[in-house]
Visitor: 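Just dropping this structure here.
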2 protein chains.
Amino acid sequence: MPGPGRPREFDRDAALRTAMRLFWERGYEAVSIADLTAAMGIGTRSLYTAFGSKERLFREAIDLYNGTGTADGFYAAPTACQAVERMLRARAAAYAEPDTPPGCMVVLAATNISAANDPVRTLVTDIRARDRADLVARLSEAHARGEFTTAPEAVADFYLSVLYGMSVRARDNASTTQLVAVVDAAMAAWDAVTRR
Amino acid sequence: MPGPGRPREFDRDAALRTAMRLFWERGYEAVSIADLTAAMGIGTRSLYTAFGSKERLFREAIDLYNGTGTADGFYAAPTACQAVERMLRARAAAYAEPDTPPGCMVVLAATNISAANDPVRTLVTDIRARDRADLVARLSEAHARGEFTTAPEAVADFYLSVLYGMSVRARDNASTTQLVAVVDAAMAAWDAVTRR
DNA sequence: CTGATTAAGCAACGTTCGATGCACAATTAG
DNA sequence: CTAATTGTGCATCGAACGTTGCTTAATCAG
C-alpha cells in the first residue's frame, strides 16, 4: 500500500541491513556517509530522504540488530544456570559466525566516540544497562527460589564480563571452537561461582 | 644535555601523558589534533615537530601505557593460579582507578577504526596477541609441571575473556568493588576450569 | 661575532566530513 | 487532465580533518 509520491527505487530493509553490517564491523564514526551510500548502492540524497540522518540510521541499525537476536531461549530455560548457558552458547556461535562481523554490535560499534556524538555512546551503554538489569532480574528470581547463594549481581557481572570479553576475542579472530571452550569453562564454573 | 637549536618550550613527557590519557579515554580517531593541542597547551606545529604524526604519537602513547603497567607481579608468582590472580586483581584495581580512564587502553582505544588507519588497529591487536602468547606460555609451563589438566589455551582464553570483559564493564561505570567481585568469581572457578 | 640547528606561531593546504537546496521525475488522489 | 506528494541526481554547503611551508626566535658549536 504505497501512499502518494514517487516510489522508492531501492529496498529500504536491505539498505538498512547493509548499514547495520557496516556499523557493526567498523563502528559509528569509522563509517562515513560515503561508505554507506557506496555499499547501499544509492545516492546521498536517497539515504537522507529514507533515514533522516546518520544518527537515526545508526539507531535503526541497532534496533534491527537487537531485534534479530532470537532471545536465545534465555527466558524459556527452566533454571538460571540453563538460561545463562543457552545465552552464552548462542552468543558464542553468533560471534564467530562467518557471515556476520565478529563480536557483538552493542559492545563494539560505539566504543570510540568523539564528544559531539555522545548520544550515540549513550544509546549503546543504555542497552547494555538494560540487558544487565534483565540478567540480574532473572538471577534474582532464581536466587530467591534457592537455586544458588551468591549475590545475583555478582553472578551477573561475572557472566557479563565473560560475554563481553568474548566479543573482543572474536575481534581477535578467535574461532568458534575457542569461544565455545570459553563457554565450557564458564559453565564448568557455575557451582563454584554461585555457591559461596 | 640539549643539543644545538632552540630548546622545546614544553615538557614532552607531560604532553605525551596528556595524549595517552585522551587516546585512552576516547580512542584514536575520536581524538583530533585540535583536541590534543588544546589539552597539551601547545601549537599544532610543536606537536608535529615533537611527535611527527598523529599515528606516531599514538604509538608512543601506547608504548607509555604498556610501560607503566607494573607487570603486576605476574612473573614473580610461584604458581600459575597465583600469577593469574595477581594479574586480574591488579587490572581490576587499575580499571576502576578514578585518576585514569576506565578500562584498558589496549582493549578500548582502537576498536572503531576506518580502513585508512588499519595500521593502528593492527598495532593494538598485535599487542593483545603477544599478551595472550605470554599468558599461554606461563600456563603451559604450569601445565607441564602438573599444576592442572585442562588445555592451557582454553584456560588462557577463559581468563582473557574475563579480563577483556572487565574493560567493558569499567566503561559502563562498574565500581572497584564490582570488578573485584568479578575477579573473586573467576578465581573461585580456578579448580573447576583447570581440572577437566 | 658567524653559521648551523631546532622550535614556535601563523596561515593555509587539499581532503573529507555530515548534511542540504533545488530542479526534476514519478507516483496517487481527485 | 490537475494538484499534491515523495524520491532522485547534482551541485554544493560550511566545518572539521590531518598536515605542511614559511618566517621568526632561540639555542649551540666554532
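Just so it is clear, the structure is predicted and the values come from calculations on it, not from any experiment. Order of the sequence lines fixes the chain letters, A, B, ..., with proteins taken first and strands second; residue numbering starts at 1 for each chain.
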Visitor: Describe, in one word, how the ring planes of B/Trp190 and B/Tyr159 are oriented to each other, choosing from parallel (under 30°), tilted (30 to 60°) and perpendicular (over 60°).
Guide: tilted
Visitor: When the nearest nucleotide of DNA chain D is assigned to B/Arg6 and to B/Tyr28 on a heavy-atom basis, which residue is associated with the more 5' position?
Guide: B/Tyr28
Visitor: B/Arg8 has a side chain; which of C/dA7, D/dT8, D/dT19 sits nearest to it?
Guide: C/dA7
Visitor: Could you give the OH-to-C1' distance, from B/Tyr48 to C/dT6, as a whole number of Å?
Guide: 19 Å
Visitor: Tell me whether B/Arg145 is salt-bridged to B/Glu141, with the criterion being a basic N under 4.0 Å from an acidic carboxylate O.
Guide: yes
Visitor: How many angstroms lie between CZ in B/Arg196 and CG in A/Asp184, if you round to the nearest 0.5 Å?
Guide: 6.0 Å
Visitor: Salt bridge between A/Glu29 and B/Arg26, side-chain N to carboxylate O under 4.0 Å?
Guide: no
Visitor: Check DNA chain D against residues 32-41 of chain A and give the residues with a non-hydrogen atom under 4.0 Å, in numerical order.
Guide: none
Visitor: Which of these, A/Asn117, A/Asp118, A/Asn112, sits in a side-chain contact (heavy atoms from CB on, under 4.5 Å) with A/Ser114?
Guide: A/Asn117
Visitor: Between B/Tyr28 and B/Phe58, what is the ring plane arrangement, given parallel below 30°, perpendicular above 60°, and tilted in between?
Guide: perpendicular
Visitor: May I ask you to say what A/Arg45 touches in the nucleic acid, namely base, sugar-phosphate or nothing, with a heavy-atom cut-off under 4.0 Å?
Guide: base
Visitor: Counting the atoms with a prime plus P, OP1 and OP2 as sugar-phosphate, which does A/Phe51 contact under 4.0 Å by heavy atoms, base, sugar-phosphate, or nothing?
Guide: nothing
